[in-house]
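Below, each value reflects all heavy atoms present in this structure, side chains not excepted, and no hydrogens, waters or symmetry copies. Just follow the structure's listing: the first ligand is 1, and inside any ligand the first atom is 1.
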Amino acid sequence: MPEDSTAIDYVMEKSTGPHFSGLRMDNLLSSSSPTLSLSPTSPAHKQPFVIGVSGGTASGKTTVCDMIIQQLHDHRVVLVNQDSFYRGLTLEELKHVHEYNFDHPDAFDTEQLLECAEKLMSGQSVQVPIYDFKTHQRCTDSFRLVNASDVIILEGILVFHDQRVRNLMNMKIFVDTDADVRLARRIRRDTVERGRDLNSVLEQYAKFVKPAFDDFVLPSKKYADVIIPRGGDNHVAIDLIVQHLRTKLGQHDLCKIYPNVYVIQSTFQIRGMHTLIRDRDISKHDFVFYSDRLIRLVVEHGLGHLPFTEKQIVTPTGSAYTGVDFCKKLCGVSIVRSGESMENALRACCKGIKIGKILIHRDGDNGKQLIYEKLPKDISERHVLLLDPVLATGNSANQAIELLIQKGVPESHIIFLNLISAPEGIHCVSKRFPSLKIVTSEIDESLNEEYRVIPGLGEFGDRYFGTDD
Ligand SMILES: Nc1ncnc2c1ncn2[C@@H]1O[C@H](COP(=O)(O)OP(=O)(O)O)[C@@H](O)[C@H]1O
Ligand SMILES: Nc1ccn([C@@H]2O[C@H](COP(=O)(O)O)[C@@H](O)[C@H]2O)c(=O)n1
Ligand SMILES: [Mg+2]
């Protein structure tokens with residue numbers, strides 16, 4: 001700990017209110033961008049991108065959707081199956097189930113599908129019914145909770161049939177697979193998974209499935225923007241669609257606008273850890289454990305941006321190995337107090353590293369700020385890893401960076417490490433300090449009217465240090 005830690009601790013005690021990474025909004029309000037809506041008073045809900053996936057039965061619609069979701073693992077994607085909106089059969093209909101046409105548009109509750117899709121598009125979570133193909137009924141006591149997301153996929157044989165549903169879609173995909181292949185797959189699937197016998201599958205196919213395909217599904221193919229022959233086997237088509245979606249989603253536009261912003265490559269492990277630490281019901285112990293794991297990844301990634309020198313060594317086999325030597329002149333600086341949660345990870349990666357502290361504290365309501373700092377004396381000769389888990393408005397980060405620059409640290413020698421960054425904060429910091437690097441594990445949606453990151457994870461410092469009771 002620095003020698004004057006008592007002074008810092010004292011002020012820290014007094015500043016245990018909500019941690020906002022900024023206290024003045026003037027910078028933010030002036031930092032408009034053609035690609036981002038940054039108004040903090042109207043944290044505009046970003047419209048999700050809606051994809052419709054249609055095609056004949058067993059054409060591979062669900063398989064194609066699963067592949068898209070898999071490839072878009074760094075985005076929030078939800079799948080809504082039209083099948084979930086099958087009307088449950090009445091007792092009378094059940095008695096004559098072989099006479100029931102499941103392939104006619106009337107078999108679905110399209111009003112309910114529309115209501116669900118519209119709710120999701122407006123940013124609300126929905127409860128989607130669970131349909132049982134064996135009993136031809138909906139589950140009466142459970143639903144599938146679907147959360148608002150960046151991408152909504154609506155999948156089903158007749159999702160292009162109703163104009164109102166079609167109109168919700170930004171992109172329409174038709175999965176086109178030969179009828180004989182589809183029939184063979186359907187026989188296998190319905191006998192194995194849906195409790196049917198071969199005869200009933202063939203009868204239903206001839207009586208309802210094929211005529212309805214000709215009358216309703218095939219005519220809706222003309223609405224498709226993209227037709228995928230061979231379904232899930234067509235990796236080229238799926239790659240192209242995913243590439244297009246990435247461009248449309250534009251989440252990575254920030255990385256394009258600011259080439260010094262790095263979002264670490266997302267994996268399901270990383271998404272899983274974010275899911276845990278963002279969950280308000282997680283235990284404190286788990287919050288700290290998974291935050292530490294994520295912080296370690298961000299720190300390791302940040303270290304990868306330090307300069308290196310070439311180094312030759314000899315291995316135990318007597319061979320030469322040309323590698324690199326770590327940058328020796330570096331230090332950490334935590335923005336008190338939540339930045340202190342990142343210090344252990346930095347110490348674990350860089351043996352004996354010096355870590356300084358900066359505290360930015362509002363002094364009354366007149367916009368004045370007090371800055372306390374304890375930094376290594378030779379900081380101007382070091383590369384600085386600046387630590388703060390949450391980048392919100394960017395105002396306090398900018399003050400900390402300004403202070404480092406005043407102390408002689410070149411802007412390009414600062415790497416700012418975050419777990420979660422708001423677009424507004426990235427914009428504010430990168431615009432003012434374009435040569436500084438920001439390394440983060442996820443970029444969130446926006447700030448709300450209280451300047452909190454949304455969806456965010458609440459007050460990181462309080463949750464991490466257990467002062468959130
Ligand atoms: N490319 C493929 N090769 C072999 N089997 C496949 C392929 N695509 C899908 N299937 C199988 O065919 C069946 C129907 O596929 P699915 O994706 O569920 O189609 P849909 O949703 O259009 O009815 C499933 O049992 C699935 O495992
Ligand atoms: N109780 C039901 C409900 C629907 N079907 C059949 O399912 C097909 C749609 O699902 P896909 O995954 O194949 O798109 C449709 O062709 C219906 O005939 C059913 O058999 N029983
Ligand atoms: Mg399906």
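Using a 4.0 Å threshold on non-hydrogen atoms, atom 24 (C) of ligand 1 does not count as touching the protein. Checking atom 17 (O) of ligand 1 against the protein gives a heavy-atom contact under 4.0 Å.
With ligand atoms numbered from 1 in the order given, ligand 1 contributes 21 (O) to contacts under 4.0 Å with heavy atoms of Glu155. Atoms of ligand 1 lying under 4.0 Å from any heavy atom of Arg189, numbered from 1 in the order shown and given with element: 18 (O), 23 (O). Using a 4.0 Å cut-off to heavy atoms of Thr62, the atoms of ligand 1 that qualify are 17 (O), 18 (O), 20 (P), 21 (O).
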request  = Determine, step by step, whether Glu118 and Arg164 satisfy the salt bridge (charged side-chain N to carboxylate O under 4.0 Å, His left out) criterion, reporting the C-alpha distance in whole Å, the side-chain angles of both residues, the deciding distance to 0.1 Å, and the verdict.
outcome  = CA-CA 11 Å; Glu118 279 162 0; Arg164 292 167 305 164; over 6 Å; no
request  = Please report the C-alpha distance between Asn418 and Ser421 in whole Å, then the side-chain angles of each, then the deciding distance to 0.1 Å, and finally whether the side-chain hydrogen bond (donor to acceptor under 3.5 Å, both in side chains) criterion is met.
outcome  = CA-CA 6 Å; Asn418 310 145; Ser421 315; 2.9 Å; yes
query = What's the verdict on side-chain hydrogen bond (donor to acceptor under 3.5 Å, both in side chains) for Tyr290 and His274, showing C-alpha distance, side-chain angles and the deciding distance?
reply = CA-CA 8 Å; Tyr290 291 106; His274 266 278; over 6 Å; no
request  = Might you work through the side-chain hydrogen bond (donor to acceptor under 3.5 Å, both in side chains) test for Thr57 and Arg186, ending with a clear yes or no?
outcome  = CA-CA 7 Å; Thr57 179; Arg186 169 129 178 175; 2.8 Å; yes
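The shell of residues lying under 4.0 angstrom from ligand 1, judged by heavy atoms, excludes Arg186. Under the 4.0 angstrom criterion for non-hydrogen atoms, Gly55 is not in contact with ligand 1.
The shortest N or O to N or O distance between Arg230 and ligand 1 is not under 3.5 Å. Not a single N or O atom of Thr57, backbone or side chain, sits closer than 3.5 Å to an N or O atom of ligand 1. Looking at ligand 1, you'll find an N or O of Ala58 within less than 3.5 Å of one of its N or O atoms.
Remark: side-chain polar atoms of Glu93 are paired, donor with acceptor, to backbone N or O of Thr90 under 3.5 angstrom. Without hydrogens or angle criteria, Arg189 side chain to Ala184 main chain gives no donor-acceptor distance under 3.5 Å. At distances below 3.5 Å, at least one donor-acceptor pair connects side-chain atoms of Arg278 with backbone N or O atoms of Gly456. Using modelled atom types, no side-chain atom of Ser435 and backbone atom of Ser412 make a donor-acceptor pair closer than 3.5 Å. Using modelled atom types, one side-chain atom of Arg87 and one backbone atom of Asp106 make a donor-acceptor pair closer than 3.5 Å. A distance-only check finds a donor-acceptor pair linking the side chain of Asn448 to the backbone of Arg452 [under 3.5 Å].
Note: Phe287 and Phe460 have tilted aromatic rings, judged against thresholds of 30 and 60 degrees for the angle between ring planes. Aromatic ring orientation, Phe133 versus Tyr86: perpendicular (interplanar angle above 60°, classes split at 30° and 60°).
Between the side chains of Gln71 and Asp239, at least one donor-acceptor pair of N or O atoms lies under 3.5 Å. Looking only at atom types and distance, the side chain of Gln124 has a donor-acceptor partner in the side chain of Ser122 under 3.5 Å away.
Within 4.0 Å of ligand 2, counting heavy atoms only, the contacting residues are Thr57, Ala58, Lys61, Asp83, Tyr86, Phe102, Asp103, Tyr131, Phe133, His136, Ile157, Arg186, Arg189, Arg194, Arg196, Gln204, Val209.
Considering all non-hydrogen atoms of both residues, Ser54 and Val159 come closest at CB-CG2, 3.9 Å.
Remark: minimum distance from atom 19 (O) of ligand 1 to any protein heavy atom is reached at Gly60 N, 3.2 Å. At the shortest separation from atom 1 (N) of ligand 1 among protein heavy atoms lies Asp233 OD1, 2.9 Å. In terms of protein heavy-atom proximity, atom 9 (C) of ligand 1 is nearest to Thr63 OG1, 3.3 Å.
Protein atoms that are N, O or S and lie under 2.8 Å from the Mg ion (ligand 3) are these: Thr62 OG1.
Under 4.0 Å from ligand 1, the heavy atoms of Arg185 that appear belong solely to its side chain.
Ring to ring, Phe216 and His104 are close: their centroids are under 6.0 angstrom apart.
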